[in-house]
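Each remark here refers to the structure printed beneath this line.
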Amino acid sequence: MTDRLTIVTWNINSVRLRMPIIEKLLEEVQPDVLCLQETKCPDANFPVNPLKKAGYEHIQVHGQKGYHGVATISRRPLGNVERRDFCAMGDSRHIAVDVPFNGSALRLHNFYVPAGGDEPDRTVNDKFAHKLDFMAEMRDWLTGAETAKPAVLVGDLNVAPYEHDVWSHKQLLKVVSHTPVETGLMEEIRQAGNWLDAMRRFTPLDEKLYTWWSYRAKDWSKADKGRRLDHVWVSETLDRHIKSTRVLREARGWEKPSDHAPVVAVFEA
DNA sequence: ATGGCGTATGGAATACGA
């Protein structure tokens, strides 16, 4: 019996405003699990009913009023829910669950890493300092011991690590999300946990790959000045089970879109 | 033309995103 698990990660930029396109995604992609970021929704107001109606009866949220917020929505039962408060800020930026896969538990971390503000200098920009501290805490917490079991880390990590994860490496080197201090920290997190960058396994490093396009472009697709800010990382033990990843670019052009596109990952036992 | 827009809050103007 072969088990097949599809996980989608999507920075939704307000869950309540995007319910129509969330339902469209669930219908078209039929994922087993949907991880959302920037839900901007208090837990009490989370739109659970339409999701349950669509067959997603297992919903775990970590939200707050107005900002941030993550949620993991599933057709399969979820266990061992953990909501970690990084940097002790009281922010809702992480939720982890166990998802049944291949007869055992797959640990699934859903992250919304701080954006970091405009100035890439921690001495003058508290938001950038917060981002770096948050990433350092990720590195020190998600060690190889934690990821020795089947584990997946997804979410809006707000860093585009490689040269072809941005439209212009040269022009973005001093822009928050692609500065060497951020991409260096991201590499430290990845190596500390022995994570595999699954998206780059299926798209070569010399090919452009984006998941986010600014709202401000007159024609986002034509300009195509994107960045790969959303990620799917898998632990070594899942290396042979990850079968594909793809960016659902068309969703960036749907009615009232998020500025991020969903990323779809398929696992097979 | 990397911000030209979009969202939440609150009921206008500001904070925030990246």
Side-chain angles (χ1 to χ4, degrees), chain A residues 9-22 36-47 61-71 86-87 89-94 111-122 124-135 155-186 208-231 247 249 251-263:
Chain A
T9 180
W10 197 7
N11 178 318
I12 199 63
N13 188 15
S14 172
V15 65
R16 286 172 287 183
L17 205 57
R18 307 282 178 231
M19 277 314 287
I21 60 171
I22 289 173
L36 297 175
Q37 303 87 34
E38 278 208 273
T39 53
K40 299 185 177 178
C41 180
D43 292 352
N45 300 339
F46 200 88
V61 295
H62 186 191
Q64 66 185 87
K65 186 176 176 179
Y67 305 103
H68 325 314
V70 291
F86 283 79
C87 301
M89 304 269 292
D91 282 353
S92 301
R93 296 180 175 276
H94 167 266
F111 274 98
Y112 175 52
V113 173
D118 285 326
E119 190 66 38
D121 178 349
R122 71 174 302 144
V124 298
N125 175 5
D126 290 343
K127 291 180 191 171
F128 194 68
H130 176 214
K131 183 178 195 174
L132 300 185
D133 292 346
F134 189 105
M135 292 180 75
D156 178 2
L157 305 186
N158 265 320
V159 176
Y162 305 130
E163 182 171 343
H164 295 293
D165 292 334
V166 292
W167 63 275
S168 169
H169 173 62
K170 227 176 151 180
Q171 291 181 71
L172 287 168
L173 270 172
K174 291 179 178 173
V175 173
V176 172
S177 73
H178 194 61
T179 64
V181 60
E182 292 167 272
T183 58
L185 256 173
M186 185 175 224
K208 293 292 184 189
L209 185 60
Y210 314 137
T211 63
W212 171 88
W213 295 262
S214 171
Y215 281 127
R216 299 200 191 197
K218 207 183 293 175
D219 182 336
W220 69 272
S221 188
K222 189 177 170 197
D224 203 21
K225 292 183 171 177
R227 304 179 202 171
R228 185 169 71 110
L229 302 178
D230 303 273
H231 299 270
V247 177
R249 182 181 168 117
R252 179 62 179 79
W254 286 351
E255 187 82 10
K256 279 188 75 73
S258 166
D259 45 358
H260 294 252
V263 182

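All of these numbers come straight from a predicted model, not from anything done at the bench. Proteins come first, then strands; the chains are lettered A, B, ... in the order of their sequence lines, and each starts at number 1.
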Quiz item: How does protein reach along nucleotides 8-18 of chain B, written 5' to 3' as B (base within reach of a heavy atom under 4.0 Å), S (only sugar-phosphate), or - (no contact)?
Solution: SSS-----SBB
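The same atom, P, is picked in B:dG11 and in B:dG6; the two are 24 Å apart, to the nearest Å. Nucleotides B:dC16 and B:dG10 place their C1' atoms 16 Å apart, quoted to the nearest Å. Atom P of B:dT14 sits at a distance of 26 Å from the matching atom of B:dT2, rounded to the whole Å. Spacing of C1' atoms, B:dA18 relative to B:dA13, comes out at 22 Å, to the nearest Å.
Taking the side-chain hydrogen bond (donor to acceptor under 3.5 Å, both in side chains) definition, one finds that A:Thr211 meets it with A:Asp230, sequence neighbours left out. By the side-chain hydrogen bond (donor to acceptor under 3.5 Å, both in side chains) test, A:Arg93 pairs with A:His68, A:Asp91, sequence neighbours left out. For A:Asp156, there are no salt bridge (Lys or Arg N to Asp or Glu O under 4.0 Å) partners two or more places apart in sequence or in a different chain. Applying the ring-ring contact (aromatic ring centres under 6.0 Å, His included) test to A:Phe134 and every residue at least two apart in sequence or in another chain returns A:Phe86.
The base of B:dT2 lies outside donor-acceptor range of the side chain of A:Trp213, with no N or O pair under 3.5 Å.
Using a 4.0 Å heavy-atom distance criterion, A:Lys256 is classed as a sugar-phosphate-only contact. Residue contacts for A:Trp167: at a heavy-atom cut-off of 4.0 Å it reaches a base atom on one of the strands shown.
Using modelled atom types, one finds a donor on one side chain and an acceptor on the other under 3.5 Å when comparing A:Arg227 with A:Ser177.
Within the structure, the ring pair (Phe, Tyr, Trp, His ring centres under 6.0 Å) test picks out the following pairs touching residues 156-175 of chain A (sequence neighbours left out): A:His169-A:His178.
Protein atom NZ of A:Lys225 is 16 Å distant from nucleotide atom P of B:dC5, rounded to whole Å.
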